[in-house]
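Whatever order the structure lists ligands and atoms in, that order sets their numbers, starting from 1.
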Amino acid sequence: MKKSRLIIGNWKSYLGLADGIALAKALVDHHVPQANQIVVICPQFPLLGAISQVLPFHQQTSNGILLGSQDISAWDAGAHTGDVSHSLLSDLGCHYSIIGHSERRQGNQETDAMLKEKLVMAINNGITPIFCVGEPLNVYQSKQTLAFIEAQLTAVFSDFPAIPDQLIIAYEPIWAIGSNIIPRLSEIETVHQHINKALQQLFPVTPSESIRIIYGGSVNADNCKSMIQQPSVDGFLVGRASISELDFLSIIVNSNKEFTS
Ligand code: PGA
């Protein structure tokens with residue numbers, strides 16, 4: 001089975017209400033669906049309600065832009081102040097959730113144990129996790145990237161109490177996020193292949209088409225063209241460039257594997 005590619009916009013906390021709605025409307029109006037490609041936007045939580053009204057996620061005629069969240073509660077709905085539960089996310093038509101972004105691991109002290117609970121919660125409730133891994137600069141410079149990423153994966157997925165239907169891993173070197181610097185193509189390919197191998201051992205019964213490995217960190221409309229040609233790159237997690245209509249739509253078009261520059 002051919003894997004569909006994923007282009008995921010991580011809006012972080014960049015956009016307010018009016019700008020967020022305007023961007024979602026512009027994307028719905030101008031997005032031309034590409035074969036074998038899924039496009040997801042992940043606005044900050046308070047925007048999800050308004051944007052779910054803009055995206056025709058519940059219609060057969062959806063033009064292919066789906067909704068994701070930037071986090072998910074580790075608990076079911078209940079007495080968890082400040083959390084957003086999987087049931088509300090599902091009500092809003094969120095099919096995807098970013099889990100373990102380095103900005104949350106660092107800025108919000110999210111631990112492997114917490115991330116594992118969030119992953120289980122998402123998977124058990126039909127929300128596809130976009131699980132982020134990636135090394136800091138000193139690890140990259142000391143050539144320990146593969147061991148570091150493998151440790152991040154085993155920390156959450158060993159003895160994992162659920163079988164994912166769909167799993168997305170986003171490889172995001174921390175030093176590449178927001179820096180306009182990306183790894184060499186060969187480095188991305190090596191890391192993605194290593195992630196793939198580690199996951200096949202951790203989830204031997206999950207078909208390989210159900211696991212996709214995407215790259216994130218300073219993706220733009222130009223560098224995506226060569227990255228998407230790498231055999232193990234199944235798409236992108238896009239930060240800054242996803243809040244520009246023109247840049248994001250260009251990334252969507254230029255990330256067509258068949259595209260030749
Ligand atoms: P960036 O962010 O594209 O702005 O580098 C990517 C991310 O953090 O997901």
Under a 4.0 angstrom heavy-atom cut-off, which atoms of ligand 1 come close to [X]?
X	value
His101	7 (C), 8 (O), 9 (O)
Leu237	9 (O)
Asn10	9 (O)
Lys12	2 (O), 6 (C), 7 (C), 8 (O)
Arg240	1 (P), 3 (O), 4 (O)
Glu172	6 (C), 7 (C), 8 (O), 9 (O)
Ile177	2 (O), 5 (O), 8 (O)

For the residue pair [X] and [Y], establish whether any side-chain heavy-atom pair is separated by less than 4.5 Å.
X	Y	result
Ile98	His101	yes
Leu119	Phe131	yes
His192	Asn196	no

Quiz item: Without hydrogens or angle criteria, can the side chains of Ser4 and Arg212 be said to hold a donor-acceptor pair below 3.5 Å?
Solution: yes

Quiz item: Do Glu135 and Trp175 get their side chains close enough for a donor-acceptor pair, meaning under 3.5 Å?
Solution: yes

Quiz item: Closer than 4.0 angstrom: is that true for some heavy atom of Gly178 and an atom of ligand 1?
Solution: yes

Quiz item: Within less than 4.0 angstrom of ligand 1, does Gly217 place any heavy atom?
Solution: yes

Self-check item: Residues Lys118, Asp71: salt bridge by 4.0 Å N-O rule
Solution: yes

Quiz item: Is any NZ, NE, NH1 or NH2 atom of the basic residue among Glu110 and Arg104 found under 4.0 Å from an Asp or Glu carboxylate oxygen of the other?
Solution: yes

Practice problem: May I ask you to identify the nearest protein heavy atom to atom 3 (O) of ligand 1, giving residue, atom name and distance to one decimal place in Å? | Solution: Gly239 N, 2.9 Å

